[in-house]
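Only one structure is covered here, and it is reproduced in the block below.
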2 protein chains.
Amino acid sequence: MNATETRQRMLQEAEKLYSEHGFDGMSLRTLTSDAGVNLASVNYHFGSKKELVMAMFQERIMPMNEERLERLNKAREAGNGVASLEGIFDALLIPVAERAQVNGVLDMHFLKMVGRAISESDDFWHELFIRNFQELSKTFVEALAEALPDLPREDVEWRFHFAVSSMLGTLVKHGQFARRMQGLGRSTDIESMFRRLRDFLCAGFRGQVEAMR
Amino acid sequence: MNATETRQRMLQEAEKLYSEHGFDGMSLRTLTSDAGVNLASVNYHFGSKKELVMAMFQERIMPMNEERLERLNKAREAGNGVASLEGIFDALLIPVAERAQVNGVLDMHFLKMVGRAISESDDFWHELFIRNFQELSKTFVEALAEALPDLPREDVEWRFHFAVSSMLGTLVKHGQFARRMQGLGRSTDIESMFRRLRDFLCAGFRGQVEAMR
DNA sequence: GTCTATAGTCCGATAGAC
DNA sequence: GTCTATCGGACTATAGAC
């Protein structure tokens, strides 16, 4: 088997296992045996378990974040330099939604993988944030501040924090929630879920800042 | 040492370790040694690691949820039978905020403990939800539906899901986010954070339901 | 680059003396 | 109810043959 295929197989299996069990709960023995590669190849190709998982994020998140930035730029152009709130959140959310389907079939692994990152140890998360999300966050906060020039900067940042938390929490729990909703005869398709989330977040951002109480 | 004290020491230490490392990442050896009790007492008092953690949630969550329901009832009375959105979210959030301080000092363990539950394995979460949150969720969804009679029930449920996700995500990441905000000279006290979150969620719920697109 | 074999460590759980 | 001692098994990482 060639080197790139071995690497690719491990990364793919990592995504599945990480989404189901998180970093501490996944084992390299299960990973390599399910991926059909040798246990020792983890260290040969990645150096350590941590770097394997970091690489998994990098390879999946980076292209997604580029798409997010492209969409944000298009939303800015469409608004003559200032993107609409809806445009901003679509830019943030649609690239995630697109990756929830593999060959047209709903696949929760990517969603849960992204959402689960929120609960990793502070050290791990910090490194992940610096490597993959710091720049993106800054750009989106800028865009939001431009879209809502009357909202104090401090509130923009807090609300972005709430919005990202909501998105990640929704992702990690979507599978179970969708199952419950389905039992009640509710619609659970991924597009309508993301549209509802987008509208919820936009409305949250548009809320007034209350006077000091 | 008497039995209740041993139990209590373990539960307290469990809260700290669970909030920092999650279920898979915490070890009973560390727990018992830090708590100053014997390793074997975990199984004697709780039967298993899982039941220890379940007991930890139960003992902390149940009184909090009772307080939430009391506050919700008071908010209903204040509104002649229908609570305001603000009253509902205060009922949900204030009992959490109160527990973020121990002897007047900010203590993130409880917040992170609650927030972290969101990323546990589906089985564990499901059991935790049934035992501790199912009834509460139903009551709060009812209250929200009454407060917003024109919002379709399906949207009430989705938005509650988003709101809870936002709350949990915010809790688990609050420590790190607050540190970053503090570096920027922002205010980070827990009361203003929860007030901002409440206003964000209320505004999200008040948003219009868009027509089918 | 892939394999086997294993070092070295940690884990949850439990048996049995006190 | 608490202790020691240990079982039986999992884990990551690595050395070294091919």
Side-chain angles (χ1 to χ4, degrees), chain A residues 1-59 113 116-117 119-121 123-125 127-128, chain B residues 1-59 113 116-117 119-121 123-125 127-128:
Chain A
M1 199 184 311
N2 87 25
T4 30
E5 195 188 335
T6 302
R7 241 184 88 97
Q8 234 32 54
R9 281 202 196 189
M10 280 191 282
L11 289 172
Q12 194 174 333
E13 195 62 31
E15 199 166 311
K16 188 180 151 208
L17 289 175
Y18 180 85
S19 75
E20 283 165 4
H21 305 108
F23 186 83
D24 288 321
M26 72 192 268
S27 106
L28 298 183
R29 297 179 123 80
T30 310
L31 186 148
T32 49
S33 110
D34 287 4
V37 304
N38 191 275
L39 172 60
S41 53
V42 174
N43 276 59
Y44 180 78
H45 287 279
F46 298 100
S48 71
K49 180 183 183 180
K50 183 186 151 193
E51 286 306 320
L52 161 63
V53 174
M54 281 285 174
M56 171 196 85
F57 273 105
Q58 190 115 348
E59 300 226 349
M113 174 192 121
R116 220 178 245 288
S119 295
E120 290 303 341
S121 75
D123 285 352
F124 189 90
W125 166 265
E127 196 169 332
L128 196 66
Chain B
M1 198 185 310
N2 90 24
T4 30
E5 195 188 334
T6 302
R7 240 186 90 98
Q8 234 32 56
R9 281 203 195 188
M10 280 191 281
L11 289 172
Q12 194 174 333
E13 195 61 32
E15 198 165 315
K16 188 179 151 208
L17 289 176
Y18 180 85
S19 75
E20 284 165 3
H21 305 109
F23 187 83
D24 289 321
M26 71 192 267
S27 107
L28 298 183
R29 296 180 129 81
T30 309
L31 186 147
T32 48
S33 112
D34 288 4
V37 304
N38 191 274
L39 172 61
S41 55
V42 174
N43 276 57
Y44 180 78
H45 287 278
F46 299 100
S48 71
K49 180 182 184 180
K50 183 186 152 193
E51 287 306 319
L52 161 63
V53 174
M54 281 286 175
M56 170 196 86
F57 274 104
Q58 190 116 348
E59 299 227 349
M113 174 193 120
R116 220 178 245 287
S119 294
E120 291 303 342
S121 75
D123 285 353
F124 188 90
W125 166 264
E127 196 169 331
L128 196 66

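Each chain gets a letter, A, B and so on, in the order its sequence line appears, and its residues count up from 1. Remember, predicted model here, so these are calculated numbers, not experimental data.
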- Whole-Å distance separating the CG atom of A:Leu17 from the P atom of D:dC11: 11 Å
- Item | Distance, rounded to the nearest Å, where B:His45 contributes NE2 and D:dC3 contributes P | 10 Å
- For the side chain of A:Asn38, starting at C-beta, report the closest nucleotide among C:dT2, C:dA13, C:dT4. C:dT4
- Task: Specify the separation, in whole Å, of atom NZ of A:Lys49 and atom P of D:dA10.
- Result: 15 Å
- Query: Does any non-hydrogen side-chain atom of A:Met26 lie less than 4.5 Å from one of A:Glu13?
  - Reply: no
- Message: Does a side-chain N or O of A:Ser41 approach OP1 or OP2 of C:dC3 to a distance below 4.0 Å, or not?
- Response: no
- Message: Any non-hydrogen side-chain atom of A:Val37 less than 4.5 Å from a side-chain atom of A:Met10?
- Response: yes
- With a 4.0 Å cut-off on heavy atoms, is A:Ala40 in touch with a base, just the backbone sugar-phosphate, or nothing at all? base
- Query: Which nucleotide sits closest to the side chain of B:Asn43: C:dT14, D:dA13, C:dG12?
  - Reply: C:dT14
- Query: Separation of B:Leu39 atom CG from C:dC10 atom P, in whole Å?
  - Reply: 14 Å
- Item | Electrostatic pair A:Glu20:A:Lys16 at N-O distance under 4.0 angstrom | no
- Can A:Lys49 be said to sit on top of A:Phe23's aromatic six-ring, NZ or CZ under 6.0 Å from centre and within 45° of the ring axis? yes
- Message: Without decimals, in angstroms, what is the distance between B:Phe46 CZ and C:dA13 P?
- Response: 13 Å
- Query: How long is the line joining CG of B:Leu52 and C1' of C:dA13, in whole Å?
  - Reply: 14 Å
- Task: Output the single nucleotide from C:dA13, D:dA13, C:dG1 whose closest atom is nearest the side chain of A:Tyr44.
- Result: C:dG1
- Message: Please confirm whether the shortest side-chain N or O distance from B:Ser48 to OP1 or OP2 of C:dG12 is below 4.0 Å.
- Response: no
- How about A:Glu127 and A:Phe57: do any of their side-chain heavy atoms sit closer than 4.5 Å? no
- Task: Rounded off to whole Å, could you give me the CG-to-P distance for the B:Leu28 and C:dT14 pair?
- Result: 12 Å
- Distance, rounded to the nearest Å, where B:Arg29 contributes CZ and D:dC11 contributes P: 16 Å
